[in-house]
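Okay, structure first, notes after.
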Protein chains: 2
Amino acid sequence: MRDFSSDLRHLSINTATVRKQLGLAGIVEACARRGIGAICPWRDQVHAAGLSAIARQIADASITLSGYCRGGFFTAADAAGRRAALDDNRVAIDEARTLNAPCLVLVVGALPGALAGKPASSDIGLARAQVFDGIAATLDHAKSVGMPLAIEPLHPMQAAERACINTLEQALDICDALDPQQTGALGVALDVYHVWWDPKLEAQIARAGAKRLLAYHVCDWLIPTRDLLNDRGMMGDGIVQLRKIRGWVEAAGYTGPAEVEIFSEAWWSHPADEVLDTCIARYKTVV
Amino acid sequence: MRDFSSDLRHLSINTATVRKQLGLAGIVEACARRGIGAICPWRDQVHAAGLSAIARQIADASITLSGYCRGGFFTAADAAGRRAALDDNRVAIDEARTLNAPCLVLVVGALPGALAGKPASSDIGLARAQVFDGIAATLDHAKSVGMPLAIEPLHPMQAAERACINTLEQALDICDALDPQQTGALGVALDVYHVWWDPKLEAQIARAGAKRLLAYHVCDWLIPTRDLLNDRGMMGDGIVQLRKIRGWVEAAGYTGPAEVEIFSEAWWSHPADEVLDTCIARYKTVV
C-alpha cells in the first residue's frame, strides 16, 4: 500500500466537506495553501464561482481534480423530464472537460419526486430501467469528448430518494452491460460510506479492477448515526476499516487519490481551516 | 396470490407494534377480540407477562404464533460473552417451544459493544465469522427440540449495531452452508423494510423457496425516513411495493402469515385500538 503519511499528493478534498464555510474560490485557495493535491468540486459551487474563472484558478494553483460532482438523476415521471436530465448531463460532461476532471461522478437518481418528498412512483424496478437507459444515452456523448462516467452506488438507505444503484455489484453489472470491452469510459466511484457494510465488497472491488475504479471516497460511519444524509464521520471517528478497504482497492490496481467527502452538520459548524487540517491529519494516520 | 380482503386468518401482529401502549396479555386480548390470526411476541414482553401464563392465554385464545422475537446477538468481545449468548439462545429456543412458535427469529448481532455506543471492534468480517459459528452451535439444540431458526437480514444501515447479515443472499449462503439438505431447520425471516431496496430481491426470494421462507414481515418505508430505527411506516404510507413482493414470496411457495412489525415513535403515540384497526384495514387493502 502507498504511504500517505509523508505528503498530500494523493489527498483530495470533496468541496462539499467545507461548502457551508467557504465559496469554491476560497476552498481552492485553502487547499492549495496546504499542498493538498486535488479537489472534487460540486456543480452548484462551480456555477456560483463561474466555470471559466474557477477552471483558471484551479490550473494556476496546480491543483488537479479527482472528479466532478455530479451528473445523474436520470429518473423522471415523464419523458420530458428524462430528456431534460439527459440534456443536463451533456452540460455536466462539458463542464467536466473544461475543468479537466478525470471523471464525472453519477448519482443516478431514484423514485421520481421522492427527493422533493412526493414520489410519483414507487416502482424501483422502473427507476432502475430508466437509470440504465440514461447512462447508456449519456455514455455516447461522454465517449465522444473523452470524459469517463463514474457510477456511484449509494447506501441502501438512500435508495428511494437519491440513487437506486445501491451495491458495487449492481454498478459493475451495468458497466459490464454497457462497456463490455472495459474501455475506461465507464466505471465506478467507490465511497466507503456507502459500501463498507457489503459482504461482497472485497470480491467486487477485485472484480472492478483498475479499469473500473475511477474514484475512491473516504469518511467514516459513526456509532450511532443520527441522520440518513448529513451525519458522516471524520475518518477515524467511526467503524469503517479504512486501511483494509484501501488495501483491497490498491490491490485491484487503483492509483488515484483518496477523496475526503464529509456531509456533516457537525463539521460544517467548525471553521474551514480546522476541518481541512483535521482531514490532513486523519489522511496521514488512518486513511 | 391469496385474497387478504375478506378475513384475518393470515394476519399476524408483531407485538412491538403496540408495545408502548399495552402489556402482552392486553395485546393478545386485543388481537383475539378482532379475529387476528397470529402474533409474534418479544422475549422481554413474554418475561414480563410470565411464560407459562402467556402460553396458556395464547392457547386459550386460539391465536397462533408467526414466530418468536428474538434470538441471536451472537457476537461479543470475548469468549465468555459468546458462550453467554449461546446459553441465552438455548433458553430462547426452549421458550419458543413452550409458546408453540413456528420459528425463532434471529437478529444476529454486529460489532460487539456498538449497540451500547462503544464498539470494541470494527472488524465486521470477524463479527460475521462469529455469527456463523453462533448459528452453527445453536442449530444443534434447535434441531434437537424441533425449533426452526429464521435468520433475519437487517437493513445495511443497521449493520454496525444490530445485525451484520444484511442481504437475503448473504443469509441464504449461511443456510446453504449449515443446512445443505434444506431440512427446514434453518431459514430466513424476510422483512420488507430491510430488503425492499435489494436489486437481487426477486431472484433471492425464488432461491429461498418454501423451505427457507419461515416468516414474512410487512410495514413501509417512509419518504423521508427521519430515524434509522424507529421511523417505520404503516403499510400504504410509504414506497414499498407490498403486493409485488408478496407475489414473489407466494410464488416461491410461502403460505404463512403476513406479520405487521412497525417500530414507530409516531404510531406508539396512538391508542392501541387505532393502531390495530389501521393494521387490519391496510392488511386488507395494500398488503
Side-chain angles (χ1 to χ4, degrees), chain A residues 110-128 131 153-167 169-171 173-174 194-202 220-229 231 236 238-245 286, chain B residues 110-128 131 153-167 169-171 173-174 194-202 220-229 231 236 238-245 286:
Chain A
L111 302 178
L115 192 56
K118 297 250 179 233
S121 154
S122 60
D123 191 343
I124 194 165
L126 178 63
R128 285 169 171 157
V131 163
L154 255 54
H155 195 286
M157 70 184 175
Q158 299 176 357
E161 285 125 321
R162 283 181 175 76
C164 58
I165 297 183
N166 305 104
T167 64
E169 181 176 38
Q170 186 190 7
D173 286 348
I174 295 172
H194 296 303
V195 301
W196 71 270
W197 60 271
D198 186 347
K200 304 178 88 169
L201 184 58
E202 181 178 7
D220 216 330
W221 180 275
L222 296 178
I223 305 287
T225 291
R226 300 178 193 279
D227 184 90
L228 279 75
L229 187 65
D231 195 23
I239 52 75
V240 175
Q241 294 189 290
L242 289 160
R243 283 278 161 83
K244 183 179 279 186
I245 297 176
V286 299
Chain B
L111 302 178
L115 192 56
K118 297 251 179 233
S121 154
S122 60
D123 190 342
I124 194 166
L126 177 64
R128 285 170 171 156
V131 164
L154 255 55
H155 195 287
M157 70 185 175
Q158 299 176 359
E161 284 124 322
R162 282 181 176 75
C164 59
I165 296 183
N166 305 104
T167 65
E169 181 176 37
Q170 185 190 8
D173 286 349
I174 294 171
H194 296 301
V195 301
W196 70 271
W197 60 271
D198 186 347
K200 303 179 87 169
L201 184 58
E202 181 178 8
D220 216 331
W221 180 275
L222 297 177
I223 305 289
T225 291
R226 300 178 194 278
D227 184 89
L228 279 75
L229 187 65
D231 195 23
I239 51 75
V240 175
Q241 293 189 291
L242 289 161
R243 283 279 161 84
K244 182 178 281 186
I245 296 175
V286 300

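Predicted model only: the values in this text are computed from it and were never measured. Naming: A, B, ... by sequence-line order, numbering from 1 per chain.
- Contact between A:Arg128 and B:Pro199 at its shortest, heavy atoms only, is NH1-CA, 3.4 Å.
- Between A:Trp221 atom CH2 and B:Ser122 atom OG the span is 14.5 Å, to the nearest 0.5 Å.
- Residue A:Lys200 holds its NZ atom at 13.5 Å from CG of B:Asn166, rounded to the nearest 0.5 Å.
- Ranked by heavy-atom pairs under 4.5 Å with chain B, the list A:Gly125, A:Ala110, A:Ser121, A:Pro119 is led by A:Pro119.
- Both the backbone and the side chain of B:Asp123 come within contact range of chain A, each with at least one heavy atom under 4.5 Å from a heavy atom of that chain.
- Residues A:Ala114 and B:Ile223 share a closest heavy-atom pair of O-CG2, 3.4 Å.
- Within the 4.5 angstrom heavy-atom criterion, atoms from both the backbone and the side chain of B:Pro156 approach chain A.
- Looking at heavy atoms from C-beta onward, B:Glu161 lies out of side-chain contact with A:Thr225 at the 4.5 angstrom threshold.
- Residue B:Arg226 places its CZ atom among 12 or fewer non-hydrogen atoms of other residues, nucleotides or ligands, all under 6.0 Å distant.
- Between B:Met157 and A:Gln158 the shortest side-chain heavy-atom distance does not fall below 4.5 Å.
- Residue contact with chain A, scored on non-hydrogen atoms closer than 4.5 Å, involves the side chain of B:Glu169 exclusively.
- Between chain B and the residues A:Cys164, A:Gly238, A:Ala160, A:Pro224, the most heavy-atom pairs under 4.5 angstrom are made by A:Ala160.
- The two residues B:Ile124 and A:Gln241 come nearest to each other via the heavy atoms N-OE1, 3.9 Å.
- Ring-plane geometry between A:Trp197 and B:Trp197 is classed as perpendicular, the angle between the planes exceeding 60 degrees on a 0 to 90 degree scale with a lower cut at 30.
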